[in-house]
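Numbers restart at 1 for each chain; the letters A, B, ... are given by sequence-line order, proteins then strands. Just so you know, these numbers use all the heavy atoms, side chains as well, and skip hydrogens, waters and symmetry mates.
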Number of protein chains: 2
Amino acid sequence: MGNRNSKCRYAVRGRLWIDGPEGTFLGHGRMVLLERIHHHGSISAAARSMSMSYRHAWDLVDSMNRQAPHPLVSKAVGGKGGGGATLTAAGLEALDVFHRLQQAFVEFLEERTGALPWLEDGR
Amino acid sequence: MGNRNSKCRYAVRGRLWIDGPEGTFLGHGRMVLLERIHHHGSISAAARSMSMSYRHAWDLVDSMNRQAPHPLVSKAVGGKGGGGATLTAAGLEALDVFHRLQQAFVEFLEERTGALPWLEDGR
DNA sequence: CGGCGTTGTATATCATGGGGAATAACGGAT
DNA sequence: ATCCGTTATTCCCCATGATATACAACGCCG
């Protein structure tokens with residue numbers, strides 16, 4: 001709806017992320033990881049649930065924590081259940097900020113594929 | 001200007017492209033390649049000028065020509081200078097379409113990094 | 001008619017990043 | 001004190017994608 005031609009041969013796609021002092025700070029994959037950490041309560045369980053190696057997941061968390069003014073993930077080693085990880089208030093806020101950004105991006109993408117001049121069709 | 005805080009710790013970045021029947025159809029790298037073909041008059045010279053392997057360049061051109069309703073690049077084998085390649089009218093049009101799209105994207109990016117809530121700064 | 005620099009295509013080599021395995025330290029629970 | 005599953009870290013392996021190499025076909029031009 002909103003588009004008189006539903007036969008979309010082409011579509012505008014894209015990826016976006018937030019750069020920080022060391023390069024990528026927040027991106028789609030990192031957001032999924034944060035959500036899973038929030039849900040499972042540990043980095044390793046989150047990594048397993050998305051078929052990501054623990055090493056990779058740990059690197060991503062470390063990168064985010066290093067670049068943020070305040071850590072996004074709080075980690076505990078040892079103790080009940082061997083430890084775990086939880087999102088800080090800053091982590092939850094980052095999740096929200098990025099979600100809104102991504103939604104705006106999706107709208108931009110849809111708007112632009114709708115405005116696509118059906119390349120060279122009428123030639 | 002337009003942003004009261006010029007100390008930008010974070011910036012929204014991204015990439016965008018146009019998907020076609022077989023996946024990526026037009027993207028930044030492909031646009032650079034098209035420009036160089038237009039300037040040099042051959043795929044191999046264009047590839048050399050941007051340190052890209054001829055095979056890769058050829059694959060990209062082939063992908064674009066296969067997905068477009070009409071080829072973007074016209075190729076000649078043998079003949080004067082051994083042959084060459086030139087952009088068709090459709091190729092020039094694709095260049096223009098993507099440039100406008102990319103410019104709108106840059107504006108979106110700048111607008112959004114300006115609207116960034118300076119994550120967790122005041123905590 | 002032979003030379004030249006393309007396009008076109010197959011094969012081989014290689015580099016980079018990610019994954020897996022292994023291990024230490026940790027601390028609450030039992 | 002021991003057990004357990006986690007965080008934290010190192011090292012090795014390998015799969016994949018890109019690059020390099022090689023070679024055939026082509027057609028204008030001198």
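Using modelled atom types, one side-chain atom of Thr88(B) and one backbone atom of Leu72(B) make a donor-acceptor pair closer than 3.5 Å. Panel note: side chain Arg9(A), backbone Gln67(B); a donor-acceptor pair is recorded below 3.5 Å. Using modelled atom types, one side-chain atom of Arg36(A) and one backbone atom of Ser49(A) make a donor-acceptor pair closer than 3.5 Å.
Summarising the geometry, the separation between CE on Met52(B) and C1' on dA20(D) is reported as 15 Å, rounded to the nearest angstrom. Atom pair Trp58(B):CH2 and dA22(D):P shows a separation of 21 Å (rounding to whole Å applied). Atom pair Leu33(A):CG and dT7(D):P shows a separation of 11 Å (rounding to whole Å applied). Rounded to whole Å, the distance from CD1 on Ile43(A) to P on dT6(D) is 11 Å. For the pair Lys80(A) NZ and dT7(D) P, the interatomic distance rounds to 16 Å; values are reported in whole Å. Whole-Å rounding puts the Arg55(A) CZ to dC14(D) P distance at 17 Å. The NE2 atom of His40(A) sits 17 Å away from the C1' atom of dT7(D) (whole-angstrom rounding). Between the C1' atom of dG18(C) and the CG atom of Asp59(A) lies a distance of 10 Å, rounded to the nearest Å.
One finds no side-chain N or O of Ser44(A) lying less than 4.0 angstrom from the OP1 or OP2 phosphate oxygen of dG5(D). Contact between the side-chain N/O atoms of Ser42(B) and the OP1/OP2 oxygens of dG5(C) is not found at any separation under 4.0 Å. Look at Arg48(A) and you won't find any side-chain N or O under 4.0 angstrom from OP1 or OP2 of dG5(D). Taking side-chain N and O atoms only, Tyr54(B) has a distance below 4.0 Å to OP1 or OP2 of dT7(C).
Contacts of Ala76(A) with the nucleic acid, taken as non-hydrogen atoms under 4.0 Å apart, involve only primed sugar atoms and P, OP1 or OP2.
A donor-acceptor contact closer than 3.5 angstrom links the side chains of Glu35(A) and His99(A).
Ranked by how close their nearest DNA chain C nucleotide is to the 5' end, His56(A) and Gly81(A) are led by His56(A).
Distance from the side chain of Val77(A) is smallest to dC26(C) among dC26(C), dA8(D), dC26(D).
Nearest heavy-atom pair, Thr113(B) versus Val12(B), reported as atom, atom and distance to 0.1 Å: CG2-N, 3.1 Å.
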